[in-house]
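Heads up: the structure comes next, in structure tokens.
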Amino acid sequence: MQPFQGAGYDRAITVFSPDGRLFQVEYAREAVKRGTTSLGVKSVGGIVLVVDKRPTSKLVEPKSIEKIFQIDEHIGAATSGLVADARALVEKARMESQINKITYNEPIRVEGLAKKICDMKQMYTQHGGVRPFGSALIIGGVNETGCKLFETDPSGALIEYKATAIGAGRQIAMDEFEKKYQENIKLDEAIELALDAVYEATEGKTTVASAEIAVIDAKDKKFRKLPDEEITEHVEELLIRKSKEEEED
């Protein structure tokens with residue numbers, strides 16, 4: 001039997017395989033892929049964050065599942081992967097944003113915060129006795145220079161996007177964004193697009209209870225989670241729109 005080519009090289013985070021791979025980081029990425037789908041969309045009117053928080057049991061209270069977090073007044077984050085790891089990163093992000101405000105008397109820039117989180121993630125890929133964070137974050141917010149949307153990887157890599165997704169349905173959602181995203185998209189249209197992508201990624205299982213939506217409006221630069229009434233309205237419009245599309249097909 002042919003031995004596994006990378007056998008033994010996944011036992012420590014500090015050991016590279018002969019072909020230059022860090023298997024523990026790749027395993028952390030797999031943990032993210034097993035998480036529920038989270039999405040972010042940048043529009044001319046602000047940032048939209050949408051997550052699928054489908055409960056694993058009917059006994060679970062949907063409100064107790066939190067996948068979108070407020071970081072600062074003008075920044076929010078959507079997570080996928082290990083929830084406990086994500087909460088640790090969110091706490092770090094909140095602390096960094098407050099340190100910046102106290103030190104410089106101004107809100108932290110979205111890209112500056114994303115880089116600080118990625119610096120922390122990268123540090124956990126270099127030292128023995130620790131493991132990478134098994135969580136990815138979509139960090140979105142509004143600066144004085146406009147709307148910003150970043151995706152952070154367990155390796156510490158950082159990429160700015162116009163629209164992105166993480167979690168189990170990433171590829172399906174990204175295909176949807178590739179087809180439908182437009183540069184001048186408005187905030188309401190961005191919510192529709194994100195819900196369309198969630199609907200496709202979850203194979204039509206999107207419900208009011210499973211959807212969580214937050215927006216950061218470009219006008220007032222304020223993070224806001226949509227209340228149940230607004231989510232219900234958006235999801236019902238989505239289901240009506242999808243049923244019409246299926247009838248036309």
Side-chain angles (χ1 to χ4, degrees), residues 1-40 49-57 60 65-69 71 77-96 113-140 149-161 163-175 177 197-198 200-203 205 210 212:
M1 180 179 174
Q2 187 74 18
F4 172 49
Q5 190 177 0
Y9 293 101
D10 61 350
R11 294 185 183 179
I13 187 60
T14 55
V15 179
F16 280 96
S17 71
D19 55 348
R21 297 163 66 187
L22 287 172
F23 286 108
Q24 290 294 331
V25 173
E26 294 185 19
Y27 297 160
R29 289 194 183 113
E30 289 300 320
V32 174
K33 289 178 184 177
R34 291 174 182 269
T36 54
T37 308
S38 299
L39 310 96
L49 299 173
V50 177
V51 300
D52 169 42
K53 58 173 188 177
R54 205 162 51 249
T56 54
S57 167
V60 174
I65 302 172
E66 193 175 14
K67 296 289 181 72
I68 297 179
F69 299 87
I71 305 298
T79 70
S80 186
L82 300 180
V83 178
D85 285 15
R87 286 179 59 244
L89 291 169
V90 166
E91 286 303 312
K92 171 71 173 174
R94 287 171 174 169
M95 192 182 303
E96 289 291 347
L113 177 66
K115 286 176 182 176
K116 285 181 182 293
I117 295 303
C118 285
D119 287 346
M120 181 179 176
K121 285 188 171 190
Q122 193 276 335
M123 185 178 68
Y124 275 72
T125 69
Q126 271 190 294
H127 299 279
V130 298
R131 64 166 176 79
F133 287 92
S135 180
L137 270 65
I138 295 173
I139 300 173
L149 186 70
F150 294 90
E151 180 187 324
T152 72
D153 184 75
S155 68
L158 175 68
I159 303 176
E160 185 174 359
Y161 281 96
T164 188
I166 53 177
R170 184 181 195 276
Q171 193 53 57
I172 297 172
M174 292 300 279
D175 290 342
F177 289 149
V198 168
E200 296 299 330
T202 58
E203 298 176 345
K205 295 176 183 175
S210 70
E212 188 176 9

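Numbers for residues simply follow the sequence, beginning at 1. Computed from a predicted structure; not experimentally measured.
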field: Which atom of Ala173 lies closest to which atom of Ala165, heavy atoms considered
entry: CB-CB, 3.7 Å

query: Are a donor atom and an acceptor atom from the side chains of Thr152 and Lys121 found within less than 3.5 Å of each other?
result: yes

- line: Distance col, row Ile172:CD1 vs Arg170:CZ, nearest 0.5 angstrom, shows 12.5 Å

field: Derivation of the salt bridge (Lys or Arg N to Asp or Glu O under 4.0 Å) call for Arg21 and Glu26
entry: CA-CA 8 Å; Arg21 297 163 66 187; Glu26 294 185 19; 2.8 Å; yes

task: Would you check if Ser155 and Arg29 make a side-chain contact, meaning some heavy-atom pair closer than 4.5 Å?
output: yes

4.5 Å side-chain heavy-atom contact, Phe177 and Leu39: yes

message: Tell me whether the count of non-hydrogen atoms from other residues, nucleotides or ligands lying under 6.0 Å of CE in Met95 goes above 12.
response: no

- prompt: Of all heavy-atom pairs between Ser135 and Asp85, which one has the smallest distance, and what is that distance?
  reply: CB-CB, 4.1 Å

- prompt: Where is the tightest heavy-atom contact between Lys205 and Ser210, given as atom of each residue plus distance?
  reply: O-OG, 4.0 Å

- prompt: How far does CD1 of Ile166 sit from NZ of Lys33, to the nearest 0.5 angstrom?
  reply: 13.0 Å

- prompt: Out of curiosity, Glu30 CD to Phe23 CZ, how far, rounded to the nearest 0.5 Å?
  reply: 12.0 Å

- request: Taking all heavy atoms of Ala78 and all of Val51, pick out the closest pair and write down the distance.
  value: CB-CG1, 3.9 Å

- prompt: Between Lys67 and Ser38, does a side chain to side chain donor-acceptor pair (under 3.5 Å) hold up when you go through it step by step?
  reply: CA-CA 8 Å; Lys67 296 289 181 72; Ser38 299; over 6 Å; no

statement: Scanning both residues in full, the closest heavy-atom pair of Ser80 with Gly167 reads OG-CA, 3.3 Å

query: Would you say the side chain of Gln24 lies within less than 4.5 Å of the side chain of Asp10, judging by non-hydrogen atoms?
result: yes

- prompt: Out of curiosity, Arg94 CZ to Leu113 CG, how far, rounded to the nearest 0.5 Å?
  reply: 11.5 Å

- request: With rounding to the nearest 0.5 Å, note down the distance linking CG in Asp153 to CD1 in Ile159.
  value: 7.5 Å

statement: Taking every heavy atom of Val32 against every heavy atom of Pro154, the minimum-distance pair comes out as CG2-CG, 3.8 Å

message: Contact between Ile13 and Arg131 at the side-chain level, heavy atoms closer than 4.5 Å - yes or no?
response: no

task: State the CZ-NZ distance between Phe150 and Lys115, to the nearest 0.5 angstrom.
output: 7.5 Å

- request: Indicate yes or no for a side-chain donor-acceptor contact from Thr37 to the backbone of Gly169 under 3.5 Å, with no hydrogens or angles considered.
  value: yes

task: Mind running side-chain contact (heavy atoms from CB on, under 4.5 Å) on Phe16 and Leu22 for me, showing each step along the way?
output: CA-CA 5 Å; Phe16 280 96; Leu22 287 172; 3.8 Å; yes

Trace of the side-chain contact (heavy atoms from CB on, under 4.5 Å) decision for Thr36 with Lys53: CA-CA 7 Å; Thr36 54; Lys53 58 173 188 177; 5.6 Å; no

- prompt: Is Ile71 close to Ile139 at the side-chain level, that is, under 4.5 Å between some pair of heavy atoms?
  reply: no

Worked check of salt bridge (Lys or Arg N to Asp or Glu O under 4.0 Å) between Lys92 and Glu96: CA-CA 6 Å; Lys92 171 71 173 174; Glu96 289 291 347; 2.9 Å; yes

